[in-house]
Amino acid sequence: MSTEENPAAAPRSLAEALRGRDDVSLAALLRSRPDLITPVPTDLTQLATRAGTRASVVRALERLDRFTLQTAQALAIASDPATYDELLGLMAGDDGDPAVSAALPHALGTLRAQALVWGGDDRLRLVRTARELLAPSPQHPSPTGLGPTVREAGAGISPGRIQEILATAGLPSTHDSVSALNALAGLFDDPEAMSALLDQAPSESVEVLERLVWGPPYGQVTADPAPRLRWLLDRGLLLPTAPGTVVLPREVALRLRAGRAHRTTEPVPPPVAAAAAHRPQLVDATAAGQAYTALATVEELLKDWHEGGPAVLRAGGLSVRDLKRTAVALDVPEPVAAFWVELAYAAGLLASDGEADERYAATPAYDEWRERPAGERWARLVTAWLAATRTPGLVGERDAKDRTLSALGPGLDRSAAPEVRHRVLALLAGLPEGAAPDAGSLLARLRWERPPRADRTGGGAPSPYARRTSAQPAEGTRGVAARAGGPVAPGYPADGASGEGGEDDLRSRLARWTLAEAEMLGVTGRGALSSHGRALIGAPPSPRHADTRTEPAGPGDKLPVHHRQTPVPPALSPAEQATAAAAAGRLLDPLLPEPLDHVLLQADLTAVAPGPLERPLADMLGVLADVESKGGATVYRFTPASVRRALDAGQSAADLHAFLTAHSRTPVPQPLAYLIDDVARRHGHLRVGAASSYVRCDDDAVLNEILADKRAAGLGLRRLAPTVLAARTDPAALLEGLRAMGFAPAAESAEGDVLIARADAYRTPPRTPPEPVPDGPPVPDDTLLAAAIRAVRAGDLASTAPRRPVAGAADTAPGELPRTTAAETLAGLQAAVLTNDTLWIGYVNAEGGASQRVIAPIRVEGGFVTAYDHTADEVRTYPLHRITGVAELAE
């Protein structure tokens with residue numbers, strides 16, 4: 001039954017509309033607008049009030065798709081209340097649009113579910129705050145490009161002038177300005193009369209209307225308008241709003257637009273087109289190779305920082321110089337190095353040590369992470385990446401205070417990053433398996449799902465009163481040139497060029513960074529989502545397609561748009577995301593290469609690892625040799641410094657010979673054996689300790705040689721004994737100085753034992769990964785929703801329950817706590833126990849929070865009342881001194 005058939009059923013307010021909803025509908029509202037539940041409202045009236053606040057409405061509008069937002073914008077310029085047919089006419093136009101007609105019920109249902117629209121189809125009302133935000137005004141033009149109505153624009157015109165306009169337009173005069181403006185609006189609303197009026201218009205006047213019809217509707221005129229403008233002003237087709245400023249009334253613009261509120265409506269989301277297709281097996285293999293490279297890169301980064309990494313800047317973060325050094329060490333561009341550093345930090349593998357001379361280093365969690373299988377290590381990295389709000393793409397840019405944003409520093413959190421990453425991967429999952437997306441269509445889809453801010457409120461347009469320029473004739477009307485701008489091709493790093501600005505530009509850049517980062521992490525391969533990437537976001541696997549080409553399609557090989565795309569998977573909870581990541585890791589494991597237990601030694605003092613090495617072999621080889629080149633095969637080079645590094649780590653020459661013999665598929669070359677023996681023969685011949693520091697050696701000739709060397713002048717050496725030299729520098733500086741002179745000293749302890757220096761000896765204290773910055777209040781879970789709805793319902797029952805009037809006392813206003821004296825409260829409760837009546841009470845808890853409750857008293861004794869609480873649906877006991885008053889409920 002419609003509200004026209006049953007007027008009593010029509011809600012008179014948003015609170016009444018919410019009161020008529022069931023629990024499922026209320027749960028959907030609180031889930032989509034979680035700010036309404038923080039804190040839990042006391043009743044539905046308070047919930048409706050909170051839903052109409054400016055901050056909450058703005059947040060809700062920001063999360064509407066383009067067509068739903070266009071529907072809200074059309075309601076903002078429609079009559080209040082509006083009918084469904086009027087709204088359909090504004091959206092579909094006089095000629096009608098089947099796609100708009102089919103999509104409008106869903107969009108209107110979304111607005112109702114979000115509590116932005118209430119009322120039946122015969123009385124649709126947009127909440128007041130949303131109407132104020134979306135309705136056109138001179139300061140904030142509407143995205144529809146429409147101006148004020150005839151009644152609004154003509155409110156400041158003199159009565160005599162209005163009568164002159166009526167006479168010129170061929171209408172009879174009226175007795176007052178209100179009826180005159182109504183008559184003029186009726187003329188513009190009549191299609192036949194409007195057509196007849198425009199048929200009389202000069203062509204120059206029609207051109208002026210065409211320039212204003214799609215907005216902005218404001219223009220400027222001189223004190224003596226040109227004839228083409230005078231003709232329009234005399235008939236009310238243009239109305240003055242301020243000295244020198246005129247506006248095209250809304251009714252006129254709608255007639256010229258054939259009834260449409262928007263130039264272009266977009267009832268259907270633009271599909272994500274496939275730019276190229278690859279065999280799924282090739283995509284998985286490519287992604288697996290990238291995943292292995294990602295694991296190796298993170299290990300290489302933290303291995304380079306084993307003994308304590310770069311210093312922490314005073315303001316926090318990594319210096320530009322240290323970022324450059326890291327990029328050189330990883331052999332990647334600086335923005336990519338910033339990504340790997342931030343990824344390790346987000347995964348909890350990297351942190352600052354918190355010392356006075358604060359430095360970055362690996363955390364204890366890194367050692368645990370290295371021991372896990374490759375699939376689990378990859379899953380931890382991508383899980384941290386998906387949830388992280390820190391945005392490495394911003395490194396090097398300036399913040400609001402013109403300070404440079406540094407890697408690992410403050411100011412990089414962007415709360416929209418996790419949502420954008422998930423949406424991009426989810427849209428990739430909607431493509432056929434093996435299909436790489438067209439970046440432009442992907443960005444267009446994201447902009448449809450979350451329109452730019454200028455499209456939401458029109459606030460991005462400049463004020464019409466600021467459009468004076470000598471480039472236009474003074475007597476002419478003029479608008480603002482259309483803003484141009486298109487999507488930028490994805491890449492890492494992004495150049496920041498975009499047709500949008502601010503937050504909206506950031507969302508587009510986040511999408512492009514997501515495409516690049518997903519490729520580097522091995523979530524995608526050749527631009528297409530891999531099978532383990534689908535599992536990562538909980539998407540079902542796609543069926544294998546018949547395309548069995550062995551060669552991938554080129555960039556120009558465009559594929560047809562797939563209209564029957566896979567449904568986009570919803571966002572996962574943290575627990576579901578952890579489960580999905582573990583499943584993705586298990587899918588990735590078989591695709592990764594098996595680690596090798598051997599290398600190939602060559603006569604030029606190099607070793608070739610034809611693939612990934614087992615961890616003990618890789619760790620030992622990393623100490624004994626330096627990496628010379630990386631790729632499909634890694635080349636290690638043995639040098640005197642690298643061999644000395646292995647000896648410093650506690651290895652002997654015999655240990656090194658045995659290690660190489662056991663792990664080489666080729667014989668140990670003679671030059672390598674000689675190098676090890678030669679370095680070992682001289683290693684430890686000199687001993688350095690702390691005196692400030694000292695050098696001792698059994699061969700006094702060696703000490704004489706050191707003293708005679710000019711390079712030793714800075715060490716402050718002096719002889720204490722034939723075999724001992726003292727130095728002013730600390731032991732570490734003395735070690736470095738002697739090694740620079742070509743010697744091979746060894747450090748010793750206070751007891752005279754050789755100190756073993758291990759590369760992985762330094763770790764930070766246990767650290768937790770950085771917490772993502774939430775994008776608003778968290779979405780409540782089902783348990784919290786059920787409890788909140790129960791509390792709201794009960795509070796609403798208490799606040800709206802009818803009560804009997806008290807003789808000789810003013811009735812309590814609805815929603816106001818009842819007030820009675822202590823004696824009246826006690827008497828009322830005792831009487832209710834005898835008569836089994838239900839009472840309405842006001843109660844203040846121990847924290848001072850006031851609430852209303854409906855109770856059925858059971859007994860009153862010892863300063864307490866025990867009653868069945870209808871609000872909580874359970875038996876409770878309340879102290880009498882906390883009850884502010886009681887009131888009887890009506891039958």
Side-chain angles (χ1 to χ4, degrees), residues 288-307 309 326 329-332 340 343-344 347 349-350 361-378 380-381 522 585 588-589 591-602 605-639 641-652 655-666 668-669 672 675-676 756-763:
Q290 289 295 113
Y292 170 74
T293 301
L295 296 177
T297 302
V298 172
E299 286 193 43
E300 184 179 356
L301 167 68
L302 295 175
K303 187 183 297 182
D304 188 49
W305 291 5
H306 265 341
E307 298 181 1
T326 302
L330 298 180
D331 194 22
V332 295
W340 293 119
L343 178 64
L349 309 179
L350 172 69
T363 64
Y366 169 64
D367 298 314
E368 177 188 354
W369 177 77
R370 292 177 71 234
E371 300 304 321
R372 309 302 301 171
E376 292 185 23
R377 288 186 284 138
W378 179 82
R380 178 164 179 173
L381 292 181
L588 175 65
D589 264 328
L591 302 176
L592 296 175
E594 290 291 334
L596 304 176
D597 61 352
H598 65 275
V599 294
L600 305 176
L601 296 178
Q602 302 185 106
L605 297 180
T606 59
V608 178
L613 300 177
E614 292 181 347
R615 185 161 307 284
L617 173 58
D619 291 344
M620 184 60 197
L621 196 60
V623 175
L624 181 57
D626 298 325
V627 176
E628 189 170 78
S629 65
K630 295 176 292 185
T634 304
V635 178
Y636 295 86
R637 177 164 295 278
F638 300 93
T639 65
S642 67
V643 173
R644 184 178 65 243
R645 187 169 63 234
L647 297 173
D648 287 342
Q651 301 293 324
S652 64
D655 294 336
L656 298 181
H657 285 300
F659 168 78
L660 294 175
T661 301
H663 293 94
S664 176
R665 290 291 178 88
T666 58
V668 179
L672 179 57
L675 174 65
I676 293 174
I756 297 174
R758 299 190 182 277
D760 57 350
Y762 189 77
R763 289 291 183 269

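All values reported here derive from a predicted model rather than from experimental measurement. Position 1 is the first residue of the sequence, and the numbers go up from there.
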Novice: Are R380 and L349 close enough that some pair of their side-chain heavy atoms sits under 4.5 Å apart?
Specialist: yes
Novice: Check for a donor-acceptor pair, side chain of R377 on one end and backbone N or O of R372 on the other, with a separation under 3.5 Å.
Specialist: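 Here the side-chain-to-backbone pair exists.
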Novice: Considering only heavy atoms from C-beta outward, does the side chain of L605 approach that of T639 to under 4.5 Å?
Specialist: no
Novice: Please tell me if the side chains of L660 and I676 come closer than 4.5 Å, counting only heavy atoms from C-beta onward.
Specialist: yes
Novice: Please step through side-chain contact (heavy atoms from CB on, under 4.5 Å) for the pair L295 and L381, ending with a clear verdict.
Specialist: CA-CA 9 Å; L295 296 177; L381 292 181; 3.8 Å; yes
Novice: For L624, does its backbone N or O pair with a side-chain atom of S642 as donor and acceptor, under 3.5 Å?
Specialist: yes
Novice: List the atom of R763, the atom of T363, and the distance in Å for their closest heavy-atom pair.
Specialist: CD-O, 3.6 Å
Novice: Identify the two heavy atoms, one from E299 and one from W369, that lie closest to each other, and give their separation to 0.1 Å.
Specialist: CG-CZ3, 3.8 Å
Novice: Testing the basics here: between W340 and A294, what is the closest heavy-atom pair and its distance to 0.1 Å?
Specialist: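 Answer, listing the atom of W340 first, then A294: CH2-CB, 3.5 Å.
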Novice: Is D304 close to L330 at the side-chain level, that is, under 4.5 Å between some pair of heavy atoms?
Specialist: no
Novice: With rounding to the nearest 0.5 Å, note down the distance linking CG in L617 to NE2 in H598.
Specialist: 9.5 Å
Novice: Indicate the atoms forming the closest heavy-atom contact of A646 with V623, along with that distance.
Specialist: CA-CG1, 3.7 Å
Novice: For the atom pair CG (L675) and CZ (F638), what is the distance rounded to the nearest 0.5 Å?
Specialist: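 Answer for the CG-CZ pair, L675 versus F638, is 9.0 Å.
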Novice: For the CZ atom of R637 and the CG atom of D626, what is their distance to the nearest 0.5 Å?
Specialist: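 Nearest 0.5 Å value for the CZ-CG distance: 9.5 Å.
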Novice: Hey, mind stepping through L350 and W305 against side-chain contact (heavy atoms from CB on, under 4.5 Å) and telling me if it holds?
Specialist: CA-CA 9 Å; L350 172 69; W305 291 5; 3.3 Å; yes
Novice: For V298 versus A344, what's the shortest heavy-atom pair and its separation?
Specialist: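 Closest approach of V298 to A344: CG1-CB, 4.5 Å.
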Novice: Can you tell me how far apart CG (L601) and OG1 (T666) are? Round to the nearest 0.5 Å.
Specialist: 4.5 Å
Novice: In sequence, state the C-alpha distance, the side-chain angles, and the governing distance for L613 and T634, and then conclude on side-chain contact (heavy atoms from CB on, under 4.5 Å).
Specialist: CA-CA 10 Å; L613 300 177; T634 304; over 6 Å; no
Novice: Specify the closest pair of heavy atoms between G522 and W378, including all atoms of both residues, with the distance to one decimal.
Specialist: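 Nearest heavy atoms, G522 then W378: O-CZ2, 4.1 Å.
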Novice: Can you check side-chain contact (heavy atoms from CB on, under 4.5 Å) on R665 and D597, steps first, answer last?
Specialist: CA-CA 10 Å; R665 290 291 178 88; D597 61 352; 4.2 Å; yes
Novice: How far does OG of S652 sit from CG of L647, to the nearest 0.5 angstrom?
Specialist: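 That separation rounds to 8.0 Å.
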Novice: Tell me if a side-chain donor or acceptor on D648 pairs with a main-chain N or O of R645 at a distance below 3.5 Å.
Specialist: no
Novice: Hey, are the side chains of Y636 and T606 touching, using non-hydrogen atoms and a 4.5 Å cut-off?
Specialist: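 Counting from C-beta outward, Y636 and T606 never come under 4.5 Å.
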Novice: Find the distance between NE2 (H663) and CE (M620) and round it off to the nearest 0.5 Å.
Specialist: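 Between atom NE2 of H663 and atom CE of M620 there are 10.0 Å.
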